[in-house]
**Student:** 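Questions regarding the structure given below will be posed in turn.
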Amino acid sequence: MSERRYIDVFVDGLISYFDHLNESFGSSRSVISSSEHAQRSTQSVDLELGTPYLLKNEATIGMDFTGMITVSGSSVGTVFVSAPRALLKRILLSYGEAELRDELLRDLVGEIANTLAGNARRELGADFHISIPRVIQAPLNTKDYRLDQHCYLLPFRWRSSKAELIISVKDS
Amino acid sequence: MKLMIVDDSLIIRNKINRTLLSRFSKVCRAENGQQAIDMATAERPNVVTMDLTMPEVDGVEAIEKIMAIAPETHILVISALADKATAIKALTLGAYGFLCKPFTERELSSAIERIIDIELCK
């Protein structure tokens, strides 16, 4: 499977995640995209997708909180969802949480990563095995995670807050 | 009627609780499969919402054991694992339904209402 296909599958998952989030809370629907990826969907709300780009070796990535999923089975690699505190707090408020403490922000970023990776199995099948999410609360360097294949970063914004989806997956 | 919410995410447990609280006389919560098995044995919930990917004992094993302990329990799987094989496996083990994450309150309410209808017809 091509790297492009993996990116497409995870972008679909990202769009679906924010689509459901907004549907739960009755926002109006609009999509803004600087890449062709989002043009497949007109459902996502307040979500702006950037253009995926290839990360250089030993790049420092990540925002305040990063959810990491290790992939095994028919594919191998790692998927990260990284977001700043502000975006995660906005999502927590959308969930109806009154408390915005770090424990919940860590839980949320792990749950988002788990949801995107789990949803990828719709396209990639049950042999696309995913780990329980690990949460990192600091910037991280790609060399520390043995990302020995191409690693793509998709920047996105939700309600004006920036975040990153990082995909480093290949066929096993 | 008793509900047990099983998910390793506190946010998801809270979301399910907020959505369904008014429909049940008692709600208990477990954050992994082993807690769910222990709680199902002690509390005998009528309805269970069950995540699959959890530490220690996962949801699949928990479904198997809960169905062995209390086969009358209605289990609604709520999981991000969106492939057909996982859904079929959960249903084969005795789960009543499968709701894929992410889900809206409306989707969750609708799935639970169907289960409540069955419970009320007993």
Side-chain angles (χ1 to χ4, degrees), chain A residues 9 12-27 44 67 69 73-74 79 88-89 91-135, chain B residues 5-22 29-35 49-62 77-93 98-111:
Chain A
V9 167
D12 283 344
L14 189 70
I15 292 169
S16 170
Y17 181 84
F18 285 100
D19 185 30
H20 274 80
L21 189 62
N22 287 286
E23 193 178 322
S24 283
F25 302 98
S27 298
S44 294
I69 300 285
S74 58
V79 178
L88 295 171
K89 285 182 176 178
I91 296 175
L92 276 186
L93 289 171
S94 296
Y95 269 83
E97 288 290 344
E99 290 189 70
L100 303 175
R101 60 185 195 274
D102 279 6
E103 178 196 0
L104 293 180
L105 301 181
R106 283 193 294 271
D107 185 12
L108 176 60
V109 80
E111 184 62 20
I112 297 171
N114 175 64
T115 300
L116 299 190
N119 284 189
R121 288 168 47 128
R122 185 179 289 122
E123 292 295 325
L124 304 176
D127 291 333
F128 184 83
H129 297 154
I130 61 170
S131 69
I132 287 168
R134 177 181 162 197
V135 175
Chain B
I5 300 167
V6 188
D7 201 299
D8 58 339
S9 164
L10 174 59
I11 295 165
I12 298 297
R13 292 198 302 275
N14 287 348
K15 178 178 176 177
I16 295 171
N17 184 59
R18 272 193 296 272
T19 307
L20 302 180
L21 185 61
S22 64
R29 302 160 172 228
E31 58 187 72
N32 61 54
Q34 188 55 54
Q35 274 187 16
T49 67
M50 177 70 74
D51 188 17
L52 294 181
T53 310
M54 293 183 289
E56 298 178 38
V57 174
D58 67 19
V60 169
E61 189 177 340
V77 174
I78 302 180
S79 173
L81 302 180
D83 58 287
K84 283 183 188 165
T86 298
I88 290 168
K89 185 174 185 183
L91 297 174
T92 304
L93 290 172
F98 194 102
L99 181 61
C100 198
K101 293 179 183 174
F103 59 91
T104 64
E105 283 82 351
R106 189 162 42 85
E107 289 166 340
L108 174 59
S109 296
S110 172

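Within every chain, numbering begins at 1; the chains are lettered A, B, ... in the order of the sequence lines, protein sequences first and strands thereafter. For the numbers below, each heavy atom of this structure counts, side chains included, while hydrogens, waters and symmetry mates do not.
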**Student:** Has A:Arg101 got more than 12 heavy atoms of other residues, nucleotides or ligands less than 6.0 Å from its CZ?
**Tutor:**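 Yes, enclosed.
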
**Student:** Using heavy-atom distances under 4.5 Å, tell me whether A:Leu124 contacts chain B through its side chain, its backbone, both, or neither.
**Tutor:**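 Contact with chain B is absent: no heavy atom of A:Leu124 under 4.5 Å.
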
**Student:** Does any backbone or side-chain atom of A:Glu103 lie under 4.5 Å from a heavy atom of chain B? Answer side chain, backbone, both or neither.
**Tutor:**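 Contact with chain B involves the side chain of A:Glu103 alone.
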
**Student:** Could I get the full list of side chain to side chain donor-acceptor pair (under 3.5 Å) partners for B:Asp7, not counting sequence neighbours?
**Tutor:** B:Lys101

**Student:** Are there residues of residues 107-114 of chain A whose heavy atoms fall under 4.5 Å of chain B's heavy atoms? If so, which?
**Tutor:**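 Within residues 107-114 of chain A, near chain B: A:Asp107, A:Leu108, A:Glu111, A:Asn114.
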
**Student:** Over all heavy atoms of both residues, which pair between B:Arg18 and A:Tyr95 is shortest? Give the atoms and the distance, please.
**Tutor:** NH2-O, 2.6 Å

**Student:** So, for A:Arg122 and B:Cys100, which heavy atoms are closest and what is the spacing to 0.1 Å?
**Tutor:** NH2-SG, 3.5 Å

**Student:** Which pairs would a plain distance check flag for residues 79-87 of chain B, meaning a side-chain donor or acceptor within less than 3.5 Å of a matching protein atom at least two apart in sequence or in another chain?
**Tutor:**
residue	atom	partner	partner atom	Å
B:Ser79	OG	B:Leu81	N	3.0
B:Asp83	OD1	A:Arg121	NE	2.7
B:Asp83	OD1	A:Arg121	NH2	3.0
B:Asp83	OD1	B:Thr86	OG1	2.9
B:Asp83	OD2	B:Thr86	N	2.9
B:Asp83	OD2	B:Thr86	OG1	2.7
B:Thr86	OG1	A:Arg121	NH2	2.7

**Student:** Who passes salt bridge (charged side-chain N to carboxylate O under 4.0 Å, His left out) against B:Arg106, sequence neighbours left out?
**Tutor:**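 Salt bridge (charged side-chain N to carboxylate O under 4.0 Å, His left out) list for B:Arg106, sorted by chain: A:Glu23.
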
**Student:** Would you give the length of the straight line joining atom CG of A:Leu88 to atom CD1 of B:Ile11, rounded to the nearest 0.5 angstrom?
**Tutor:**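 Going from CG on A:Leu88 over to CD1 on B:Ile11, the span is 8.5 Å.
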
**Student:** Would you name the heavy atoms of B:Phe103 and A:His20 that are closest together and state the gap between them?
**Tutor:** CA-CD2, 3.9 Å

